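Throughout, protein chains are lettered first and strands after them, A, B, ... in sequence-line order, and every chain is numbered starting at 1. Since the structure is predicted, the reported quantities are computational estimates derived from the model, not experimental observations.
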There are 2 protein chains.
Amino acid sequence: MTTRARHPERREDALSRERIVGAAVELLDDKGESGLTFRALAAHLETGPGAIYWHVANKNELLAAATAAVLAPVTSAEATGTPQEVIRAVTVGVFDAIEAHPWVGAQLSANPTQPAVLRIFERIGWQVRALGVPPSARFTAASAVLHFVLGVGGQNAALARTLRGTTNRSDHLAAVSAEWADLDPDEFPFTRTVADELRDHDDRAQFLDGVDLILAGIVRLR
Amino acid sequence: MTTRARHPERREDALSRERIVGAAVELLDDKGESGLTFRALAAHLETGPGAIYWHVANKNELLAAATAAVLAPVTSAEATGTPQEVIRAVTVGVFDAIEAHPWVGAQLSANPTQPAVLRIFERIGWQVRALGVPPSARFTAASAVLHFVLGVGGQNAALARTLRGTTNRSDHLAAVSAEWADLDPDEFPFTRTVADELRDHDDRAQFLDGVDLILAGIVRLR
DNA sequence: ACCTGAACACCGTTCAAGT
DNA sequence: ACCTGAACACCGTTCAAGT
């Protein structure tokens with residue numbers, strides 16, 4: 001009792017920014033982006049919706065904090081090796097985090113002012129410099145990698161949104177693949193030829209191939 | 001009177017999918033993404049919100065239709081020249097459309113199942129093939145370009161959202177540039193060095209440089 | 001066939017009132 | 001200082017009722 005009075009933050013049911021953000025991540029993972037509401041979050045924390053506003057300014061800040069929490073291990077992880085290897089490690093770390101928490105992809109591509117994004121940008125840029133890219137081309141090169149990562153992230157978030165509730169991933173890909181194969185040959189000659197690849201492709205491997213492709217272009221800037 | 005009875009669709013105030021989509025584009029351009037509500041749209045069309053549902057299934061479909069309407073000239077424009085030139089023309093067309101209608105960027109990156117996106121993908125892929133990329137690498141190469149375009153689109157939409165109501169573009173960029181210059185040198189050495197570039201950089205030129213960089217990487221796949 | 005607008009089931013956010 | 005929960009000002013969407 002005395003202990004509780006002196007350390008109220010130790011009470012298991014005490015609200016804190018940390019607990020709120022943790023519960024938000026859980027809710028987002030379990031129910032998707034539309035599952036995070038202040039009412040659902042408050043119920044989960046056994047309190048009223050207004051209580052959350054004492055610790056968090058608004059929903060945008062909450063989403064940013066949830067994203068930062070999930071991305072923290074990725075942005076702080078030490079990576080060693082060639083610049084190419086480090087960039088691959090950092091970007092695939094973001095990819096994997098988005099795979100595990102698809103809402104992060106939507107959040108990153110919709111709100112790139114996030115501190116987590118700046119940290120990713122910094123790490124990519126530092127390695128671009130190590131690659132020997134002249135100063136005047138570094139900003140463009142680092143931005144290209146970042147935009148690619150954010151683009152893939154948005155795509156994966158959208159896919160996860162589509163998948164939630166309906167069919168599973170491979171059924172869905174098979175259905176889209178069939179759609180592509182059925183497109184008008186005059187209007188979509190290319191898309192038809194890659195319909196088969198879509199069905200069986202490994203998202204993660206293709207992501208890394210994309211990163212390598214951009215890195216090959218960056219190296220040519222030397 | 002008789003004419004009206006026989007051709008009611010000619011009445012200027014008659015609702016139609018076309019008029020609804022046009023009004024939606026206007027509202028999105030004028031008031032931003034949050035400005036498009038069924039109530040505001042109905043008021044603009046001098047009707048009730050329910051009337052819109054006779055012509056459009058829901059808000060997602062309306063947003064997709066608005067995006068398609070804005071992107072139609074881009075996806076159907078004829079472009080001639082080398083494969084690189086055509087890819088540059090198509091992608092910068094998307095970039096310009098997003099610049100003029102920032103909500104399109106958010107829509108594309110959040111919902112890449114859009115028919116407009118497939119058409120962009122097709123045009124990029126066809127030129128990738130023309131570049132002499134072997135079949136097994138074409139899907140990855142075309143996807144990389146598309147993801148970069150979508151990533152930039154999302155970023156531009158977010159920037160436009162931030163800019164709406166607050167300061168103008170150059171003031172905002174100057175403020176962010178100053179923030180970057182003030183970052184901890186130990187944590188953000190790279191970002192600090194590009195702070196100056198951010199203030200004066202030409203978004204469109206940087207976008208095209210990014211496309212060229214990826215194209216340089218794609219050419220190396222031959 | 002097409003339109004009307006009230007009504008339903010939600011939201012994020014605020015704020016007086018409590019402890 | 002922190003929590004409560006009713007209330008406010010909205011949403012997208014539905015649907016009986018009209019023409």
- prompt: Which part of the nucleic acid, if any, lies within reach of L62(B) when heavy atoms closer than 4.0 Å are counted: base, sugar-phosphate only, or nothing?
  reply: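 It contacts nothing in the nucleic acid.
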- prompt: Does any nucleotide pair with dC11(C) by Watson-Crick or G-U wobble geometry, both distances under 3.5 Å, and what is it?
  reply: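 Because no pair has both required distances under 3.5 Å, dC11(C) counts as unpaired.
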field: Watson-Crick or G-U wobble mate for dA16(D), both contacts under 3.5 Å
entry: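 Paired with dT4(C).
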Look at the side chain of [X] and decide which nucleotide, out of [options], has an atom nearest to it.
X: Y53(B); options: dT13(D), dT13(C), dC11(C); answer: dT13(D)
X: L15(B); options: dT13(C), dC3(C), dG12(D); answer: dC3(C)
X: H55(B); options: dG12(D), dT13(C), dC3(C); answer: dC3(C)
X: W54(B); options: dC3(D), dT13(C), dA1(C); answer: dA1(C)

Euclidean distance, atom [atom1] of residue [X] to atom [atom2] of [N] [Å, nearest integer]:
X: K59(B); N: dT14(D); atom1: NZ; atom2: P; answer: 14 Å
X: R39(A); N: dT14(C); atom1: CZ; atom2: C1'; answer: 12 Å
X: E46(B); N: dG5(C); atom1: CD; atom2: C1'; answer: 16 Å
X: R19(B); N: dC3(C); atom1: CZ; atom2: C1'; answer: 13 Å
X: L45(A); N: dG5(D); atom1: CG; atom2: P; answer: 14 Å
X: R17(B); N: dC3(C); atom1: CZ; atom2: C1'; answer: 18 Å
X: I52(B); N: dC2(C); atom1: CD1; atom2: P; answer: 16 Å
X: F38(A); N: dC10(D); atom1: CZ; atom2: C1'; answer: 16 Å

- prompt: Between F148(B) and F207(B), how do the two ring planes meet: parallel, tilted or perpendicular, split at 30° and 60°?
  reply: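 Answer is parallel, since the angle falls under 30°.
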field: Parallel, tilted or perpendicular: rings of Y53(A) and F38(A) (30°, 60°)
entry: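 The rings of F38(A) and Y53(A) lie parallel, inter-plane angle below 30°.
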- request: With side chain to side chain donor-acceptor pair (under 3.5 Å) as the test, would you mind laying out the steps for E122(A) and T191(B) before giving the verdict?
  value: CA-CA 6 Å; E122(A) 169 65 32; T191(B) 307; 2.6 Å; yes
- request: Check whether more than 12 heavy atoms from other residues, nucleotides or ligands sit under 6.0 Å from atom CD of E61(B), and answer yes or no.
  value: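 Yes, the 6.0 Å shell around CD holds more than 12 heavy atoms from other groups.
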Nearest atoms (heavy-atom pairs only) where L183(A) meets R192(A):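 Closest heavy-atom pair between L183(A) and R192(A): O-NH1, 3.0 Å.
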